Amino acid sequence: MKLHEYQAKQILARAGIPIPDGRLATSPEEAEAAAKAIAAPVAVKAQVHTGGRGKAGGIKVAKSPAEAKAAAGAILGMDIKGLRVDKVYVERAADVASELYLGITLDRDRRRPVVILSTVGGVDIEEVASSRPDAIARGWPSPLLGLLPFEARALVFAAGVAPAQREAVADIARRLYRVYGESDATLVEINPLFVQKNGSVLAGDAKLDIDDNALFRLPELAKLKEVSADEEAEEKARALGFSYVQLDGDVGIIGNGAGLVMATLDAVRNAGGRAANFLDVGGGAKEAVVKAALEIVLSNPRVRSVLINIFGGITRGDEVAKGILDVIQAHPPRVPLVVRLSGTEAEAGRKLLESAPLESRETMDEAAAEAVRLAKVPATA
Amino acid sequence: MKLHEYQAKQILARAGIPIPDGRLATSPEEAEAAAKAIAAPVAVKAQVHTGGRGKAGGIKVAKSPAEAKAAAGAILGMDIKGLRVDKVYVERAADVASELYLGITLDRDRRRPVVILSTVGGVDIEEVASSRPDAIARGWPSPLLGLLPFEARALVFAAGVAPAQREAVADIARRLYRVYGESDATLVEINPLFVQKNGSVLAGDAKLDIDDNALFRLPELAKLKEVSADEEAEEKARALGFSYVQLDGDVGIIGNGAGLVMATLDAVRNAGGRAANFLDVGGGAKEAVVKAALEIVLSNPRVRSVLINIFGGITRGDEVAKGILDVIQAHPPRVPLVVRLSGTEAEAGRKLLESAPLESRETMDEAAAEAVRLAKVPATA
Amino acid sequence: MSVLLGRDTRVIVQGLGREGRFHAERMKEYGTKVVGATKPGAGGTSIDGIPIFDTVAAAVDETGANASIVFVPAPAAMDALLEAIDAQIDLVIAITEGIPIADMLKVAAVLETAATTLVGPNGPGAITPGQSKIGIMPAENFSPGGVGFVSRSGTLTYEIADLLTRAGLGQSTCIGVGGDPVVGLPTPGAVRLLNEDPETEAIVIVGEIGGSAEERAAEYMRSEGKKPAVAFIAGRSAPPGKRMGHAGAIVSGNQGTAESKVRAFEEAGIPVANAPSEIPGLVKKALRHS
Amino acid sequence: MSVLLGRDTRVIVQGLGREGRFHAERMKEYGTKVVGATKPGAGGTSIDGIPIFDTVAAAVDETGANASIVFVPAPAAMDALLEAIDAQIDLVIAITEGIPIADMLKVAAVLETAATTLVGPNGPGAITPGQSKIGIMPAENFSPGGVGFVSRSGTLTYEIADLLTRAGLGQSTCIGVGGDPVVGLPTPGAVRLLNEDPETEAIVIVGEIGGSAEERAAEYMRSEGKKPAVAFIAGRSAPPGKRMGHAGAIVSGNQGTAESKVRAFEEAGIPVANAPSEIPGLVKKALRHS
């Protein structure tokens, strides 16, 4: 789950990390009032769950309340990477001398959090990592002890932070680590971390992604969840206990198990087609689940055929077959179905499907080839 | 640093541990009003920094506000183990079915906290530990992970807590561990932990001792510090950077280093005398410190001779000698002084003391014998 | 036994709910020695003929269990894992899905100095066909033999085991390492076990996009490999930034791409199958040439 | 070297304040190889001829230090100790007084699986007379020889070393384990080191009231002792419930009494001196009878 900049900054501020004075606005008038209250040049910043808003024109500097109003007018309603801007954050413009990068995420190989600090801030850190690896300092605190003062100091020295900012940056790193831990973050990032001309240090932007699996113990953060239009189907699927990702092809995919579904997507590509989605019904999929999954996949207008690939373990082939029969009897699907059942009770399932209006195949490769072929047949009726 | 029951209970309540409704009172009238507000039978309990107040008559049950007033009148002003009672805690009387013991302290041998749970509560746990060791369950959580749910469950099973209270007691144990960690406690204890007739569990008493060395990071707790009359000299010494403990003999002792001072006390006893105090001036003792130490020791009217035993390491013998000379020149002491200097610059120090009105000895044993002898000489003038 | 588990492995079940009971029954049918289960407060009773204990320590004391399978729901799973590690169980297999990453990081930190091997979470478990199964895999797809098999996926594991079995390629031990970003025994460690196992003749490594476990496994095999290996990577057609079901299956930036993994295996001289169906043929070919 | 430290020990100083500088100078005078010190932000400079580094890791990298002495004030001491342990320094000696117990419990937990031996905190350090001194003890009271010496006290250590030296009993290594309730190397561990050291002929154990380290050391010597030992317990005249300066020196309830410690030593056949002045005679007697 992603938070907006203004939400992330509130959390940083509560942890004692300095942020610029700022206010949220949902209309040009509110933005004007905010700029008036701040009484200084401001930045008006689109609040959307995506990166690259700067390049897309989602950030404008305004020297007066009137300019802030105009800027908000231009930004609100804007479309950034498919997301509509409904809110802007109006923030006192910093007096920037230099920019740093500070972030914490998971290092999967070391199975530890990794704290990343660089004196090259305000840019794509992955780019810096590959072009100037020496400009990046990393530290791997123990999750049992947190980021210790000596570790924060080591980072500051290794990154080459200027002497005047060392203490402040080390302190912010330790506070940011506390935010990371306390909010079950998968990523927390201050980029840029401003050094102002007077020497003070201040979070220029903030990014905070929360581990969805931990939301059950983070009631305050869970309230901040926002679902954008294009994520609705994914959210609906999640609520039903399976995972769905929309893609841009025309072969709808349903399978059980993330690896198997990925392999099915690959098989469709191997057969010269393109998958319309990823949909994993998970373990122990029952009739009702299969039904709901079919409905979600068919709700995508691009879908021209559906491939159902189930390898039974906990999931039973006969139950899956019943689910398929049920849904196609109640709502005959607008596109052809290809089903491949294997594993537990697969034979019983295949028998149930024998007389149904669908294609049944024994192997994943065959089923994928058939689904791709059918998606290319011009629509009739 | 010890907290009062009412202070400890507030901290437990904040951590989510159930406590009876209660109010502090410093007069019989306040106690009456408190009992009226609680509107039920109450216990009126002396708030003093010592155990055994129950046996001393410091706890009375009152069935009405009038009885509470009378009880408070009897308890306030009472002397319990040399401590005057200035405050009583008026608390709703629990409907007790049984009593447990729950405490957390340091296990020095294992270098871990130890959580102790027993179904034999309300009594001296050390007595239970020696008479019925099987009635006590212990757990040693890692200080890096805290008391984990499975560890709390294991304790509850091992102690034989009744099924109906297992969950509540395990939960209280985990909350109590959090109090232990967050308040840098050296001891936290709920004794008794009441099981009421309706099955609910509730802290009957609470004890919380804080690590003095951690008070620098516990500003809220540090404010609760109270110094009783008989601890004043010890507090004064602590403020000066050395440690002082009053004892009941007549030979005043000053030394540097806790072990050496203890050995000096022992040497005095070996010579047939009794030490009036323990006073360790610590490392690197300078003139001013020695002076202040002498003043503190001489302020004890029981002192009939003073033995100064300094083995120089960081502490220099000549500086100690100067301090002694200074203070006896300004205020000729009312009792004889015996000085033993050894180690760094000891010879220079002994030379400085040659013409002073005091006894100088080369060894600890000789010095102790002389100090004991002088304490027994009847006072002249 | 091949690695991790065999005829003498004695298993307890942590979390004997609906799913736990179902799979405990299947494991017993397979011949796995299921010697007990934990259910706090029910100690002393038995469920489906399995003796119940209040704590893992008590279960280990009384049954001599040396393995555990964990079905405990995600919010309480860290506690269950730490309880098993604390009881010094040799092998812990975690089936649970959806454990918070922070919890698994703590578990991983404790594992650094513990005697326990944790397989999973969010995997199907492990099986030494013909001897012992500790997991949720349908046993009929597996058969005893010499192919060691490591996979990050569940059903894909069954699919590939089925293909291997049909091709006459039995398996020594199959290890489902789990699909989460933080697992107890990651792919490289599992591959090392099989590489050093005298009963394993060839290794199949089934990876997926996300992370760099496959690259590290390839690197390890390049320098230490003693036997032929074949790889498959699921998610070659997945676009970056989209999480493919498994919390670990995501390409972010230039991290975790299928291309990087395929290249790493090829550089290590390990052929990479384009589809699961190609795996048995590649294994046979590799065994012929070794 | 005897144990812990010797001619080849290379020391860095953590916390080069007034006290640290004073004692660094004394150590150098004694011949201890003081190869560096840490002072964040002053890396690259030097103080009193000692090269300064920003971090312990940098100091170790550039000087090959294998020991450290910590003078860092109590509030920052845990961090300094963990930094030294993280840099895998073999021997860390902590002089600092007043470290919160909770901090030392964390350090102790980290030490459980670390390669470092921590001596202290709140002790005088350790010395192998004639070779190396890492501590604050006045060197002139010590002399090389065969008596290993463990003590919880500071100045009492100097007093007893002085008595031994005057009696012609030189010391192999003297270890001041520290007066806090939680120390890195408690008395039993220090006694074990000396018991297993071929250069140590007899052991002097100086304990004090509080805790049960002396009882455990006596128990160890009773079953594993290879050489004669003599003990002394400070605080025999201390009343219960009063803390005698050291945070660890307190008799609470029936825990930590001098009687219990004396009895333990006597049961282990170890004579207990009534006063420090008796120690040299008892050592000589013990050596004659062994």
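Predicted, not measured: the structure shown is a model, and the values here were computed from it. Below, chain A is the first sequence line, B the second, and so on; all start at residue 1.
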Interchain contact, B/Thr264 with chain D, by part (heavy-atom threshold 4.5 Å): neither
Closest approach of B/Asp184 to D/Ala102 (non-hydrogen atoms, all atoms of both residues): OD1-CB, 3.2 Å
Interchain contact, B/Phe242 with chain D, by part (heavy-atom threshold 4.5 Å): neither
Check: B/Asn256 main-chain N/O paired with D/Thr155 side-chain donor or acceptor under 3.5 Å: yes
D/Arg166, CZ: over 12 other non-hydrogen atoms inside 6.0 angstrom: no
Among B/Leu144, B/Leu106, B/Asp109, residue most engaged with chain D (heavy-atom pairs, under 4.5 Å): B/Asp109
Contacts of residues 266-277 of chain B with chain D (heavy atom under 4.5 Å): B/Asp266, B/Arg269, B/Asn270
Between CG on residue D/Asp180 and CG on residue B/Asn213, distance to nearest 0.5 Å: 7.0 Å
Pairs of heavy atoms under 4.5 Å with chain B: top-ranked of D/Ala275, D/Pro181, D/Ser237, D/Ser153: D/Ser237
Pairwise distance CE(D/Met244) to CG(B/Leu247) - rounded to 0.5 angstrom: 5.0 Å
Which atoms of D/Val206 approach chain B - backbone, side chain, both or neither, heavy atom under 4.5 Å: neither
Salt-bridge criterion met for B/Asp212 and D/Arg243 (N-O under 4.0 Å): no
Nearest heavy atoms of B/Arg217 and D/Pro100, plus distance in Å: NH2-CB, 3.2 Å
Donor-acceptor contact present, side-chain B/Arg112 to main-chain D/Leu105, <3.5 Å: no
Straight-line distance of B/Asp365 CG to D/Asn274 CG, nearest 0.5 Å: 10.0 Å
Over 12 non-hydrogen atoms of neighbours within 6.0 angstrom of NZ in B/Lys207: no
Euclidean distance, B/Leu260 CG relative to D/Glu159 CD, rounded to 0.5 Å: 5.5 Å
Greatest number of heavy atom pairs closer than 4.5 Å to chain B - which of D/Glu112, D/Arg152, D/Arg236, D/Glu140: D/Arg236
Distance-minimising heavy-atom pair for D/Pro276 and B/Met364: CG-CE, 3.9 Å
Heavy-atom contact with chain B under 4.5 Å, split by part of D/Ile99: backbone
Over 12 foreign heavy atoms within 6.0 Å of CD, B/Glu362: no
